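Working notes, structure below.
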Amino acid sequence: MKATDKKLVVGLEVGTSKVLALVGEVLPDGIVNIIGVGHCPSKGVDKGGVNDLESVVKSIQRAVDQAELMADCQISSVYLALSGKHIRCQNEIGMVPIAAEEVSVDDVENVVHTAKSVRILDEHRILHVIAQEYSIDLQEGIKNPIGLSGVRMKSKVHLITCHNDMAKNIVKAVERCGLKVDQLIFSGLASSYAVLTDDEKELGACVIDIGGGTMDISVYTGGALRHSVVIPYAGNVVTSDIAYAFGTPPMDAENIKIKYGCATGALVGKDEVIDVPSVGGRPSRTLQRQTLADVIEPRYTELLSLVQKELATLQEGLKQQNVKHQLAAGIVLTGGASQIKGLVECAEKVFHNQVRIGYPLNISGLTDYVQKPYCSTTVGLLHYGKQSILNDDDRVKDKASIKGLAKRVTGWFKKEF
């Protein structure tokens with residue numbers, strides 16, 4: 001970014017169906033003011049993984065060029081989202097003696113550091129180390145231990161790991177465009193930064209980001225992230241079901257899904273008809289919209305049932321550890337494939353809980369473009385980057401040293417490529 005007085009941050013999501021780049025300016029009140037948007041269909045990515053590097057590079061370049069043009073700035077580095085079924089999580093505990101009379105920032109960094117010194121899967125590396133809560137001697141459930149007195153401090157942390165090569169490939173694509181990656185962020189974590197409130201995290205909520213190729217899931221209870229997982233099935237399976245059922249080309253099936261699709265058949269009028277294109281130059285046909293819903297509803301039910309299974313296992317585990325396990329704030333659906341009509345009703349049947357569609361929060365500027373569920377991950381990246389900038393503001397007044405400071409904040413738990 002050009003060294004100006006503005007605090008600019010750029011988020012880039014290279015998804016299965018789209019590449020989205022957003023440029024945001026961090027305002028003093030913590031709102032992110034969106035000043036640039038770049039968007040293009042994604043080529044060469046499947047289920048979060050790169051399968052054609054050249055195509056991915058072209059898609060990224062197009063989105064970044066658009067965003068630069070709109071924001072009238074030069075982008076030099078980005079916060080990059082990462083998804084894929086290789087993402088894993090584990091909850092760990094660290095313990096350290098408290099060095100002085102009271103807990104310092106160094107003590108907190110040390111205790112989190114010890115918690116991450118555990119075995120992780122071969123070929124994997126740590127993406128995030130997120131503190132859940134601390135305890136000092138006999139006092140448990142401390143949110144912020146700094147300044148408290150004690151002898152020993154314990155920290156519970158949530159580790160998110162990813163496969164090294166998968167991460168390297170997506171970073172390589174970005175670097176081919178002459179950009180630096182400030183940090184890699186699990187896209188499910190980013191989405192929850194964009195759509196969840198602190199109250200919801202406290203009461204217990206699950207964010208399901210339903211994209212084209214993956215569903216990214218993040219579960220919060222008692223104010224902390226407890227579980228992260230990626231399910232490698234999402235909106236594209238619905239599209240291919242429509243294509244097969246009606247013998248229509250995939251592009252047309254996608255358009256029909258978006259325009260006429262409904263995930264709850266009961267909401268569709270009995271006599272509504274739609275026009276369905278055929279393949280191989282045959283004439284198009286008319287079909288009842290109800291027939292389309294009969295294809296879509298079971299598939300969405302099946303996708304959400306996969307998540308429900310995950311949640312049931314997790315809640316059982318949390319219960320045994322005496323951790324709050326109710327999802328009292330319910331389920332938040334976001335991402336491109338959450339925009340289909342009737343999905344809330346379909347999901348409430350599966351989860352037996354309240355469901356809402358998540359739109360990005362705490363943004364201003366080009367909101368007409370980005371106040372949409374499919375922008376949640378990228379907006380979340382901006383909020384994530386904002387946190388780094390604000391943390392550093394206290395210590396660094398000189399904009400030129402912004403490169404060094406991003407490393408300092410995250411350096412102690414981030415292995416360089």
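On a predicted model such as this, the values are computed, not experimentally measured, just so you know. Along the sequence shown, residues carry numbers from 1.
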State, yes or no, whether a side-chain contact exists between Lys372 and Gln339 at a heavy-atom distance under 4.5 Å.
-> yes
Are any non-hydrogen side-chain atoms of Val307 and Met215 less than 4.5 angstrom apart?
-> yes
So do Val219 and Leu311 actually touch side chain to side chain, heavy atoms under 4.5 Å?
-> yes
Answer yes or no: does atom NZ of Lys143 have more than 12 heavy-atom neighbours from other residues, nucleotides or ligands under 6.0 Å?
-> yes
Atom CZ of Arg62 with >12 non-hydrogen neighbours under 6.0 angstrom | no
Please state whether the rings of His163 and His86 are parallel, tilted or perpendicular, taking 30° and 60° as the class boundaries.
-> perpendicular
Taking the side chain as C-beta and beyond, is there a heavy-atom pair between Phe186 and Leu82 under 4.5 Å?
-> no
Assess whether atom CG of Asp29 is packed by more than 12 heavy atoms of other residues, nucleotides or ligands within 6.0 Å.
-> yes
Sub-6.0 Å ring centroid separation between Tyr374 and His39 = yes
Without swapping roles, check the side chain of His227 against the backbone of Tyr220 for a donor-acceptor pair under 3.5 Å.
-> no
Return yes when atom CD of Gln371 has more than 12 non-hydrogen atoms of other residues, nucleotides or ligands closer than 6.0 Å, and no otherwise.
-> yes
Do Ile340 and Lys257 come within less than 4.5 Å of each other through their side chains, counting heavy atoms only?
-> yes
